[in-house]
2 protein chains.
Amino acid sequence: MGHRAEPEHTHPDDVPVQAVFAALADPVRLGIVRELAGSPEWTRACGSFDVPVGKAALSHHFAVLRSAGLIEQRDDGAKRVNRLRCAEFEARFPGLLDLVVRG
Amino acid sequence: MGHRAEPEHTHPDDVPVQAVFAALADPVRLGIVRELAGSPEWTRACGSFDVPVGKAALSHHFAVLRSAGLIEQRDDGAKRVNRLRCAEFEARFPGLLDLVVRG
DNA sequence: CTGGGTGTTCAATGGGTATCGAACACTTTG
DNA sequence: CAAAGTGTTCGATACCCATTGAACACCCAG
């Protein structure tokens with residue numbers, strides 16, 4: 001009954017703008033964020049996204065999104081589910097998330 | 001009285017968000033935009049910015065900012081002066097420029 | 001016309017990072 | 001327990017891009 005190492009989260013307040021730009025400059029990550037924005041919180045597991053990369057790269061992208069303060073992750077059984085940090089992110093970077101979604 | 005090749009401009013409306021993020025993900029370009037935001041239009045020549053790179057790299061960065069729809073350039077004698085496309089950019093990406101300046 | 005200043009282009013180099021395959025850890029189901 | 005599913009980590013590879021120095025073009029002041 002061992003625990004799995006919980007992912008390290010970074011609050012949007014502790015993230016420089018440049019890091020956010022770098023995180024969103026990648027097409028795969030941008031797609032993930034958009035897909036996540038259209039789903040209810042905690043409903044999307046990491047493997048449920050329509051991305052053209054393998055699991056290894058995917059895991060890397062989620063780590064980047066986490067350290068950019070864009071997403072939060074929680075373990076739910078064997079899966080790791082995600083949510084977009086809409087409120088916190090909007091408070092720190094007003095309007096940014098809207099721009100991402102609208103394209 | 002030959003003309004010098006005028007720089008190719010791209011209107012913000014024709015720029016995908018991802019390209020803007022990529023442009024602003026670089027520290028040198030971010031610095032240029034910020035410095036430009038604090039100066040009156042058409043007052044700053046390319047060489048007048050406080051950046052830790054040579055002229056060649058600098059010229060490259062300006063080309064990127066141009067093709068991202070962030071700046072406009074005009075030849076003024078031997079110099080090439082710049083302006084931030086505040087209005088057009090704000091219309092296309094509301095709030096983004098503010099985020100850049102505020103850090 | 002000559003010289004100094006400004007900016008662009010080119011070829012070459014280096015560094016960062018996106019990607020993959022394989023191995024591993026954990027969970028749930030059979 | 002065995003097997004299948006989910007996600008992470010590691011080592012290796014490849015590619016993109018920021019940077020440089022040198023050569024060039026243009027403008028202006030002597």
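The sequence lines fix the lettering, A, B, ..., with proteins before strands; numbering per chain opens at 1.
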Nearest listed nucleotide, side chain of [X], among [options]:
| X | options | result |
| --- | --- | --- |
| A56(B) | dT9(C), dT9(D), dG5(D) | dT9(C) |
| H61(B) | dA18(D), dG21(C), dG7(D) | dA18(D) |
| C46(A) | dC20(C), dG7(D), dT6(C) | dG7(D) |
| K55(A) | dT9(C), dG7(D), dA18(C) | dG7(D) |
| V53(A) | dC20(C), dT8(C), dG7(D) | dC20(C) |
| S59(A) | dA18(D), dT9(C), dT8(D) | dT8(D) |
| H60(B) | dA18(D), dT20(D), dA18(C) | dA18(D) |
| R66(A) | dT19(C), dT6(D), dT8(D) | dT8(D) |

Polar side-chain atom of R44(B) near backbone of L36(B) as donor-acceptor pair, under 3.5 Å: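 The answer is no, because no donor-acceptor pair under 3.5 Å joins these two groups.
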Rounded interatomic separation in angstrom, taking [atom1] from [X] and [atom2] from [N]:
| X | N | atom1 | atom2 | answer |
| --- | --- | --- | --- | --- |
| K79(B) | dG5(C) | NZ | C1' | 9 Å |
| F62(A) | dT9(D) | CZ | C1' | 17 Å |
| R74(A) | dT27(C) | CZ | P | 16 Å |
| L58(A) | dT6(D) | CG | P | 12 Å |
| N82(B) | dT8(C) | CG | C1' | 14 Å |
| D76(A) | dC26(C) | CG | P | 18 Å |
| D26(A) | dC17(D) | CG | C1' | 14 Å |
| L65(A) | dG7(D) | CG | P | 15 Å |

Earlier contact from the 5' end, DNA chain C, for G54(A) and G77(A):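 The 5'-side residue here is G54(A).
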Side chain to side chain contact (heavy atoms under 4.5 Å, CB included) partner of I32(A), the single match among N82(A), D26(A), V51(A):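 Testing I32(A) for a side chain to side chain contact (heavy atoms under 4.5 Å, CB included) against N82(A), D26(A), V51(A) leaves exactly one candidate, V51(A).
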Pair R66(B)-L70(B), side chain to side chain contact (heavy atoms under 4.5 Å, CB included): steps then yes or no: CA-CA 6 Å; R66(B) 240 185 299 136; L70(B) 275 158; over 6 Å; no
Shared hydrophobic cluster for L65(A) and V81(A) (ILVMFWY, side-chain gaps under 4.5 Å):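 No.
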Within the 6.0 Å centroid threshold, strictly below: F49(A) and F62(A):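 When the ring centroids of F49(A) and F62(A) are compared, they turn out to be within the sub-6.0 Å range.
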First of A57(A) and A78(A) reached from the 5' end of DNA chain D, by closest nucleotide: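 Counting from the 5' end, the first nearest nucleotide belongs to A78(A).
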Closest non-hydrogen atom pair, A23(A) against R29(A):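 Taking every non-hydrogen atom into account, O-NE, 2.7 Å.
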Touch class at under 4.0 angstrom, heavy-atom based, for A5(B) against every strand present: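 Touches nothing.
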Under 4.0 angstrom between R80(A) side-chain N/O and dT27(C) OP1 or OP2: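 So the side chain of R80(A) is outside the cut-off, no N or O lying under 4.0 Å from OP1 or OP2 of dT27(C).
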R4(A) side-chain N/O to dT6(D) phosphate OP1/OP2 under 4.0 Å: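 No, outside the criterion.
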